[in-house]
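Here's the structure we're looking at; comments come further down.
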2 protein chains.
Amino acid sequence: MKSLRHSIPEASVERLSLYARELGRLDRQGVAFISSKRLGEALGLTDAQVRRDLSYVGQFGKSGRGYEVQRLQTALSRTLGIEGRVWSVALAGVGNLGSALLAYRGFQERGFVFRVAVDSDPAKVGQVVQGVTIAPSHQLSELARRHQVHIGILTVPSETAQRVCDQLIAGGVRAIVNFAPAHLDVPASVRLRNMDLAIELEALAFYLGTEQPRRRPTP
Amino acid sequence: MKSLRHSIPEASVERLSLYARELGRLDRQGVAFISSKRLGEALGLTDAQVRRDLSYVGQFGKSGRGYEVQRLQTALSRTLGIEGRVWSVALAGVGNLGSALLAYRGFQERGFVFRVAVDSDPAKVGQVVQGVTIAPSHQLSELARRHQVHIGILTVPSETAQRVCDQLIAGGVRAIVNFAPAHLDVPASVRLRNMDLAIELEALAFYLGTEQPRRRPTP
DNA sequence: CACTGTGAATGCATTCACAGCG
DNA sequence: CGCTGTGAATGCATTCACAGTG
């Protein structure tokens with residue numbers, strides 16, 4: 001199990017999460033068995049890829065019938081670490097984006113609970129947003145440690161992102177999602193994921209190519 | 001140039017955007033030349049990777065000195081299609097997340113301008129957010145066509161995501177960013193990128209492993 | 001029969017390592 | 001020198017294709 005955990009390719013890990021979600025839907029619809037082909041069709045993947053990914057988790061398929069939905073879902077949740085367990089999350093930066101994340105119900109449903117929120121704006125400190133009291137930024141590492149925060153989410157300006165990130169790490173946080181458009185330096189023991197919409201847009205712009213360009217109005 | 005465009009590996013395209021941003025910073029700091037080694041250090045990449053990526057754009061380095069910051073930045077912006085040009089963006093779903101994206105200044109700075117916003121809530125229709133008037137959802141494809149929207153951003157609930165996506169495509173949009181936790185079916189001519197925070201969190205949970213788990217309180 | 005699970009083959013992306021250049 | 005640009009080598013991820021199974 002432990003050795004298995006680290007042998008799953010990174011790309012597959014992300015898809016395991018997709019499978020788990022889709023299996024939840026199927027289960028709610030009363031579907032008991034699903035083939036790799038149909039599961040793949042629902043998610044835009046090939047049947048071969050589905051089988052390969054699922055093979056990392058174990059052997060849950062039945063020849064000629066497919067995968068038992070509930071059983072596979074349980075196995076995936078366990079592998080992903082979201083089964084019967086709560087992950088504590090800290091949010092740094094309660095601006096527009098941070099507030100939107102706090103308000104999103106989907107996370108709690110999957111076992112991710114905001115326990116800490118901080119902001120550098122004194123006017124925001126003390127406010128209660130979605131049941132979480134906003135604390136001042138300088139308390140971040142202490143609060144992270146006290147609440148045993150597992151995951152930190154950064155929605156702060158680029159200029160302060162590295163500093164805030166360091167505080168999370170000082171508070172024992174070993175997994176971070178960064179929304180700031182900046183590169184963060186973290187030790188190898190810390191897992192970092194960047195969500196950068198500007199980069200997504202620019203990648204799309206690249207593929208759109210040079211068609212139908214309109215001049216930017218000169219200021 | 002055209003043939004070059006489609007021969008750049010997808011993974012490199014995303015990094016080109018990183019390079020462009022970092023070069024902007026360096027330029028503002030008055031740096032005139034930068035080596036692949038130092039550029040890589042600033043972004044958490046190896047020098048070899050930086051050189052390989054930049055080689056897809058052209059030969060802009062000078063032996064023994066590195067890359068001329070301004071010249072390289074211009075070349076990258078041109079390649080990415082963000083030079084002297086505006087890309088029209090439509091937002092579908094003006095909830096918490098959608099509002100946060102509308103309010104974010106970073107996009108406009110890089111040439112992405114929201115020209116259309118729609119929401120299915122009649123109470124929101126007519127409101128002006130960040131200078132954009134919210135229109136009713138059923139007008140999406142018509143508005144997308146009229147404003148020649150290039151990129152659509154979906155911040156709607158999963159259940160309606162496919163329908164709204166289809167309307168964007170019907171309106172001529174060929175690039176879409178999807179924030180809904182759902183798989184979207186699009187024709188091969190449409191470029192789709194998914195931003196799914198729940199999946200990021202679950203991937204992190206996987207890597208955090210089984211240490212320090214706390215039981216979810218039974219309801 | 002309809003399916004899985006997986007070796008083997010392929011296709012990408014990254015890294016190595018070095019010739020070549022100012 | 002110090003650095004780029006790039007063939008060649010390596011390392012991952014995906015896809016093929018089929019033996020094996022209930």
Side-chain angles (χ1 to χ4, degrees), chain A residues 4-19 22-23 26 31-73 75-76 79 188 199 203 206-207, chain B residues 4-19 22-23 26 31-73 75-76 79 188 199 203 206-207:
Chain A
L4 175 149
R5 154 161 280 110
H6 294 286
S7 65
I8 303 182
E10 194 150 352
S12 295
V13 170
E14 280 166 49
R15 286 191 298 267
L16 292 185
S17 186
L18 285 179
Y19 301 136
E22 184 62 24
L23 289 167
L26 291 167
V31 178
F33 277 87
I34 184 91
S35 68
S36 59
K37 184 143 184 296
R38 296 213 293 133
L39 186 51
E41 279 164 4
L43 296 169
L45 304 167
T46 67
D47 55 338
Q49 182 149 72
V50 172
R51 288 199 300 279
R52 175 72 68 193
D53 287 340
L54 296 181
S55 77
Y56 294 123
V57 176
Q59 310 204 26
F60 294 98
K62 293 224 202 313
S63 299
R65 295 212 278 161
Y67 299 86
E68 196 183 333
V69 171
Q70 291 188 348
R71 188 148 159 273
L72 180 57
Q73 197 197 4
L76 286 173
T79 301
I199 283 183
F206 171 85
Y207 288 111
Chain B
L4 173 149
R5 154 162 277 111
H6 294 286
S7 64
I8 303 182
E10 194 150 350
S12 295
V13 170
E14 279 165 50
R15 286 190 297 267
L16 293 186
S17 185
L18 285 179
Y19 300 135
E22 183 63 24
L23 289 167
L26 291 166
V31 178
F33 277 87
I34 185 91
S35 69
S36 60
K37 184 145 186 295
R38 295 214 293 133
L39 186 51
E41 278 163 6
L43 296 168
L45 304 167
T46 66
D47 55 338
Q49 181 149 71
V50 172
R51 289 199 300 280
R52 174 72 67 193
D53 287 340
L54 296 181
S55 77
Y56 294 123
V57 175
Q59 311 205 26
F60 295 98
K62 292 222 202 313
S63 299
R65 294 213 277 160
Y67 299 86
E68 197 183 332
V69 171
Q70 290 189 348
R71 187 148 160 274
L72 180 57
Q73 197 196 4
L76 285 174
T79 301
I199 282 184
F206 171 84
Y207 288 111

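Each chain gets a letter, A, B and so on, in the order the sequences are listed, and its residues count up from 1.
In this model, the phosphate group of C:dT14 is approached by a side-chain N or O of B:Arg15 to a distance below 4.0 Å at OP1 or OP2. OP1 or OP2 of D:dT6 has at least one side-chain nitrogen or oxygen of B:Gln59 nearer than 4.0 Å. Remark: A:Arg51 is not in phosphate contact with C:dG5, judged by side-chain N or O atoms under 4.0 Å from OP1 or OP2. In this model, the phosphate group of D:dT4 is approached by a side-chain N or O of B:Ser36 to a distance below 4.0 Å at OP1 or OP2. When the side-chain nitrogen and oxygen atoms of B:Arg52 are compared with OP1 and OP2 of C:dT14, none of them lie within a distance under 4.0 Å. Side-chain nitrogen and oxygen atoms of B:Tyr67 include none within less than 4.0 Å of the OP1 or OP2 phosphate oxygen of D:dG2. Using a 4.0 Å cut-off, no side-chain N or O of A:Ser63 falls inside it from OP1 or OP2 of C:dA2.
By the neighbour-count criterion of 12 heavy atoms within 6.0 Å, atom CD of A:Glu41 is densely surrounded, having more than that number from other residues, nucleotides or ligands.
Atoms NZ (A:Lys37) and P (C:dC1) sit 17 Å apart, rounded to a whole Å. Summarising the geometry, the separation between CD1 on B:Ile34 and P on D:dG2 is reported as 17 Å, rounded to the nearest angstrom. Going from atom CG of A:Leu54 over to atom C1' of D:dT14 covers 15 Å, rounded to whole Å. Rounded to a whole Å, the CD atom of A:Glu10 is 11 Å from the P atom of D:dC12.
Smallest separation of non-hydrogen atoms from B:Glu14 and A:Ile199: O-CG2, 3.9 Å.
Heavy atoms of A:Gly64 sit under 4.0 angstrom from at least one base atom. In this structure, A:Phe33 reaches neither bases nor backbone, as no heavy-atom distance under 4.0 Å exists between it and the strands shown.
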